[in-house]
Participant: 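What follows is a structure written as structure tokens; I'll ask about it next.
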Number of protein chains: 2
Amino acid sequence: MPEDTAPADLTTMRFSRAREAQSMAVLEDYAEMIDDLAKQMGEARITDIAARMGVTHPTATKAVARLKREGLAVSRPYRGVFLTELGAEMAARVRMRHRVVVDLLIAVGVPPETAEIDAEGLEHHVSEATLKAFEAYLAKRG
Amino acid sequence: MPEDTAPADLTTMRFSRAREAQSMAVLEDYAEMIDDLAKQMGEARITDIAARMGVTHPTATKAVARLKREGLAVSRPYRGVFLTELGAEMAARVRMRHRVVVDLLIAVGVPPETAEIDAEGLEHHVSEATLKAFEAYLAKRG
DNA sequence: ACAGAAGTGTAGCCACGGCTACACTTTGCA
DNA sequence: TGCAAAGTGTAGCCGTGGCTACACTTCTGT
């Protein structure tokens with residue numbers, strides 16, 4: 001617990017960052033999911049996205065609408081959803097980060113299954129700097 | 001990426017867990033904050049809570065209302081906010097977890113300042129099993 | 001003692017991410 | 001081919017967590 005001089009500012013910034021990260025989380029999850037489905041099935045259908053995310057299809061539709069608004073995906077009515085170049089980049093970044101986070105958790109002794117579960121929420125809050133540190137740790141450790 | 005047999009179910013469960021954890025995050029953050037303020041200032045005032053969280057006071061008021069609804073805090077109009085026994089327990093658990101997460105991040109090479117920032121979002125997704133693993137790792141490592 | 005400053009409550013707005021219900025398209029099979 | 005099933009869109013509800021604006025209470029200092 002920091003003190004007098006300027007503790008509130010730093011603490012505040014931490015919470016702001018966490019909230020910001022959280023607002024990206026859904027976008028990241030859907031982008032990765034659409035990428036997965038495209039790779040596995042050739043295309044991503046709303047119903048499949050919804051099923052994998054564990055939500056109903058209108059919820060998936062809303063999320064896709066947000067992705068489209070942000071320029072991360074495109075789609076036409078009653079057709080599949082496709083990532084834009086931007087969306088694909090995000091998906092790649094997210095997948096890479098996910099793998100590193102899972103690997104690090106396992107490396108420090110977390111059971112693999114638990115690592116997968118926790119990583120799903122964890123990963124969105126791992127900054128670039130922390131990711132770099134994780135990679136360095138994994139590399140050094142062989 | 002899992003395959004055929006029953007991959008959707010497992011994936012779905014991971015996302016559900018992450019969403020569930022997220023719904024607790026705000027409660028946990030406020031409980032810890034109120035506890036901090038009580039320790040530092042003798043009591044937690046809405047304005048102070050809001051300032052530390054980086055939100056406006058009506059937002060803090062709403063959060064406190066939710067804490068009260070969940071039986072984690074009590075308060076009377078124009079007076080400070082106080083944690084119930086349940087709330088205090090949660091705060092203690094959250095603080096302990098926070099410390100372990102920060103320590104682990106530092107132990108694997110994350111810069112201390114970054115560790116503090118990332119931990120703020122990270123910690124809410126660290127399960128009991130993972131926390132145990134973190135503690136074991138830190139103990140073994142000296 | 002009382003006025004102004006500071007703190008708090010409340011109303012009402014928005015975006016988001018859930019949901020159900022219902023309408024419409026596409027698909028696939030008898 | 002044509003109709004039922006599956007897939008998709010859309011409307012509208014809820015709770016949450018942000019916000020501003022405004023009303024009211026408490027505190028403070030002259």
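Within every chain, numbering begins at 1; the chains are lettered A, B, ... in the order of the sequence lines, protein sequences first and strands thereafter. The model shown is predicted, which means the values in this text are computed figures rather than measured ones. Below, all heavy atoms of this structure are taken into account, side chains as well, without hydrogens, waters or symmetry copies.
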Participant: At what angle, to 10 degrees, do the two end axes of the helix from C/dA1-D/dT30 to C/dA30-D/dT1 meet, given five pairs define each axis?
Facilitator: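 About 0°, once rounded to a multiple of 10°.
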
Participant: I'd like to know whether CZ of B/Arg17 has more than 12 heavy-atom contacts from other residues, nucleotides or ligands below 6.0 angstrom.
Facilitator: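 No, not enclosed.
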
Participant: A/Val55: which other cluster members, linking ILVMFWY side chains closer than 4.5 Å, directly or transitively?
Facilitator: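 Besides A/Val55, the hydrophobic cluster comprises A/Met24, A/Val26, A/Leu27, A/Tyr30, A/Met33, A/Ile34, A/Leu37, A/Met41, A/Ile46, A/Ile49, A/Met53, A/Val64, A/Leu67, A/Leu72, A/Val81, A/Leu83, A/Leu86, A/Met90, A/Val94, B/Phe15, listed by chain and residue number.
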
Participant: Tell me, with the steps shown, if A/Asp118 and B/Arg14 meet salt bridge (charged side-chain N to carboxylate O under 4.0 Å, His left out).
Facilitator: CA-CA 8 Å; A/Asp118 286 19; B/Arg14 292 212 300 269; over 6 Å; no

Participant: Same cluster for A/Val102 and A/Leu104 if Ile/Leu/Val/Met/Phe/Trp/Tyr side chains link at under 4.5 Å?
Facilitator: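 Hydrophobic grouping puts A/Val102 apart from A/Leu104.
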
Participant: How do B/Arg66 and A/Pro58 order along DNA chain D: which one's closest nucleotide is nearer the 5' end?
Facilitator: A/Pro58

Participant: Near DNA chain D, counting only heavy atoms under 4.0 Å, which residues of residues 16-31 of chain A show up?
Facilitator: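 Residues of residues 16-31 of chain A that come under 4.0 Å of DNA chain D are, in numerical order, A/Arg19.
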
Participant: Which residues satisfy the side-chain hydrogen bond (donor to acceptor under 3.5 Å, both in side chains) test with A/Lys39, sequence neighbours excluded?
Facilitator: A/Asp35

Participant: Check every nucleotide of DNA chain D for an atom under 4.0 Å from a heavy-atom of chain A, then give the first and the last such nucleotide from 5' to 3'.
Facilitator: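 Counting from the 5' end, contacts occupy D/dG7 to D/dG18.
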
Participant: Quick check: is A/Val108 connected to B/Met96 through a chain of hydrophobic side chains (ILVMFWY, heavy atoms under 4.5 Å apart)?
Facilitator: yes

Participant: Any side-chain to backbone donor/acceptor pair from B/Arg141 onto B/Ala107? Under 3.5 Å, distance only.
Facilitator: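 Flag set: sc B/Arg141 to bb B/Ala107 pair under 3.5 Å.
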
Participant: My understanding is that only residues two or more places apart in sequence, or in another chain, count here; which of them pass side-chain contact (heavy atoms from CB on, under 4.5 Å) with A/Thr56?
Facilitator: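 side-chain contact (heavy atoms from CB on, under 4.5 Å) list for A/Thr56, sorted by chain: A/Pro58, A/Thr59.
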
Participant: Considering all heavy atoms of both residues, which atom of B/Leu105 and which atom of B/Ala115 are nearest to each other, and what is their separation?
Facilitator: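 For B/Leu105 and B/Ala115, the tightest heavy-atom pair comes out as CD1-O, 3.7 Å.
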
Participant: Under 4.0 Å, heavy atom to any atom of DNA chain C: which of residues 116-125 of chain B qualify?
Facilitator: none

Participant: Is there a residue in residues 71-82 of chain A whose heavy atoms reach under 4.0 Å of DNA chain C, and which residues are they?
Facilitator: A/Tyr78, A/Arg79

Participant: Flag yes if A/Val110 and B/Val110 sit in one hydrophobic cluster, no otherwise; membership is Ile, Leu, Val, Met, Phe, Trp, Tyr, and two members link when side-chain heavy atoms are under 4.5 Å apart.
Facilitator: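 Yes: a chain of side-chain contacts under 4.5 Å links A/Val110 to B/Val110.
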
Participant: My understanding is that only residues two or more places apart in sequence, or in another chain, count here; which of them pass side-chain hydrogen bond (donor to acceptor under 3.5 Å, both in side chains) with B/His98?
Facilitator: B/Glu116, B/Glu123

Participant: Looking for any heavy atom pair under 4.0 Å, which part of the strands does A/Thr47 touch: base, sugar-phosphate only, or nothing?
Facilitator: sugar-phosphate

Participant: Under a 4.5 Å side-chain heavy-atom rule over Ile, Leu, Val, Met, Phe, Trp and Tyr, are B/Leu138 and A/Leu122 clustered together?
Facilitator: yes

Participant: Please, which pairs that meet side-chain hydrogen bond (donor to acceptor under 3.5 Å, both in side chains) have at least one residue in residues 71-81 of chain B, sequence neighbours excluded?
Facilitator: B/Lys68-B/Ser75

Participant: Rounded to the Å, how far apart are A/Ile46 CD1 and C/dC19 P?
Facilitator: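 Rounded to the whole Å, the gap is 14 Å.
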
Participant: Can you name the side-chain contact (heavy atoms from CB on, under 4.5 Å) partners of A/Ala129, sequence neighbours left out?
Facilitator: A/Ser127, B/Thr114

Participant: How many whole angstroms separate atom NZ of A/Lys62 from atom C1' of C/dG18?
Facilitator: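 Interatomic distance, NZ of A/Lys62 to C1' of C/dG18: 7 Å.
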
Participant: Among residues two or more places apart or on two chains, list those pairs meeting ring-ring contact (aromatic ring centres under 6.0 Å, His included) that have a residue in residues 114-142 of chain A.
Facilitator: A/His125-B/His125

